[in-house]
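Quick caveat: nothing in here was measured; it's all calculated off a predicted structure.
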Amino acid sequence: MAKFIQAIRGMNDTLPDQTPLWQVAEQAIRETVAAYGYSEIRTPILESTDLFKRSIGEVTDIVEKEMYTFDDRNGDSLSLRPEGTACVVRAGNQHGLLYNQEQRLWYMGPMFRHERPQKGRYRQFNQFGVEVYGISDAHADAEVLLMSAHLWQKLGMSEHVRLEINTLGDNDERASYRDALIAYLEQHKDVLDEESSRRMYTNPLRVLDTKNPQVQAILGDAPKLSDYLGEDSKQHFSKLCELLSLAGIQYQVNERLVRGIDYYNRTVFEWVTDSLGAQGTVLAGGRYDGLVEQLGGKSTPAVGFAMGIERLVLMLESLALVDNIPNMVDVYVCALGDTAQQQAMLISEKLRQQHAGLRIMKNNGGGNFKKQMKKADQSGANVVLIFGEDEISNQQVTVKYLREDKPQSTISMVELSSLLQEL
């Protein structure tokens, strides 16, 4: 007997009993972005490796450790996309969508990172993100945060998440702070763990994000980035805070909040939750005004966020936030006898054409009445339509309700059309 081939570690199947919850989450996402007038963009999952080195940063964990990278037959280095923003910028530059224009875009699809798989974090994961280009005003920052708050409300998750925000300033301001932070950390080398010691010179702001309690303790006296901000950066952040307060969005300023990708400037934010055990980030983003130019385009302001859909679905499931997951089938069609089987197939197809959106599953393969009714119940259908030789001859159908306390009845095909309109 041949050996089973199993899925690659960290690349999971989503089975039929799980997909309805995914569809609830995805539908909420689509309705939310539509409410704000955003347009969908779809990019390839395979890109030039240089795209991610130039955007994310060569000394980030993503590029150094996590990308799926290989040389193709032409000797070109290619990578499976580890995130969506760089891909959207590449597409925007290539197709002339960004310079001197405003674009409000969204995307959803698979990303790939070779990291240790854990619950809600996989090597192939699905990500939803929004991107706003051409607007430097803090109103754009506020809008994407309002959009994310709108999504939480739609899914009933508002009480289970909280918003943390910070500002990283502009490149020059952050460079000055970087020098001061390195000088401070050099005085405490004996306390730094291996990862913080490595990051101290390559990406020192990531040390602020450490989970090591000993390193966290010394950071209390570290220089603060807010002391190095210029007036424009302060005003931008102040305006964002004012707009969030005006909209009734509660937030907490976290001066240690940084992002693991190099391209962020000014605003950064995370929606975090304690509902999945240890505190976890469910949505994160910020402003990246220099990225378009960094990837060969003209200077263009930009802001956006991304969210892992696996973690969103995990929250919906663990918190039981979705009560009524829709059935995949509305009507199940049973037929007894060869003639009834053939006619039931034609009738089912006609009903699908007459009642757009109605989900009709017909029993195939025959079987006695008891066996067919068992399949009907397993389908999740609310109503069973039963066709026998008598029903076909008399242009009738027997209707049986599976989820409601209504009597079984035999009606004409004309009456059936009216009944199905009510489902």
Do the side chains of E349 and R352 get close enough for a salt bridge, i.e. N-O under 4.0 angstrom? yes

Residues E31, K154: salt bridge by 4.0 Å N-O rule: yes

Quick one: do E131 and R104 make a salt bridge, cutoff under 4.0 Å? no

Do M67 and F52 have side-chain heavy atoms sitting under 4.5 Å apart? yes

Does the pair E293/K298 count as a salt bridge with the N-to-O cut at 4.0 Å? no

Taking NZ, NE, NH1 and NH2 as the nitrogens, is one of them in D141 or R287 under 4.0 Å from a carboxylate oxygen of the other? yes

Please determine if R113 and E115 form a salt bridge, counting it only when a charged side-chain N lies under 4.0 Å from a carboxylate O. no

Hey, are the side chains of L225 and L168 touching, using non-hydrogen atoms and a 4.5 Å cut-off? yes

Residue pair T398 / S409, side-chain heavy-atom distance below 4.5 Å: no

Tell me the ring pair (Phe, Tyr, Trp, His ring centres under 6.0 Å) pairs involving residues 20-47, sequence neighbours left out? Y36-H150

CD of E40: more than 12 outside heavy atoms within 6.0 angstrom? yes

Just wondering, are more than 12 heavy atoms of other shown residues or ligands nearer than 6.0 Å to CD1 in I8? no

Got a sec, which residues hit side chain to side chain donor-acceptor pair (under 3.5 Å) with E173, two or more places apart in sequence or on another chain? S233

Is a side-chain donor or acceptor of R81 paired with a backbone partner of T43 at a separation under 3.5 angstrom? yes

4.5 Å side-chain heavy-atom contact, N382 and L402: no

Ignoring hydrogens and angles, tell me if any N or O in the side chain of D72 forms a donor-acceptor pair with the backbone of N74 under 3.5 Å. yes

Y251/F269 aromatic ring centres below 6.0 Å: no

More than 12 foreign heavy atoms under 6.0 Å from CD of Q421: is that the case here? yes

Is the shortest heavy-atom distance from the side chain of V329 to the side chain of I360 under 4.5 Å? no

Report, as yes or no, whether the 6.0 Å neighbourhood of atom CD on Q250 holds more than 12 heavy atoms from other residues, nucleotides or ligands. no

Got a sec: does the CD of Q408 have more than 12 other heavy atoms crowding it under 6.0 Å? yes

Main-chain N/O of S77 paired to T49 side chain as donor or acceptor, under 3.5 Å: yes

Has E83 got a side-chain atom pairing as donor or acceptor with M111's backbone, closer than 3.5 angstrom? no

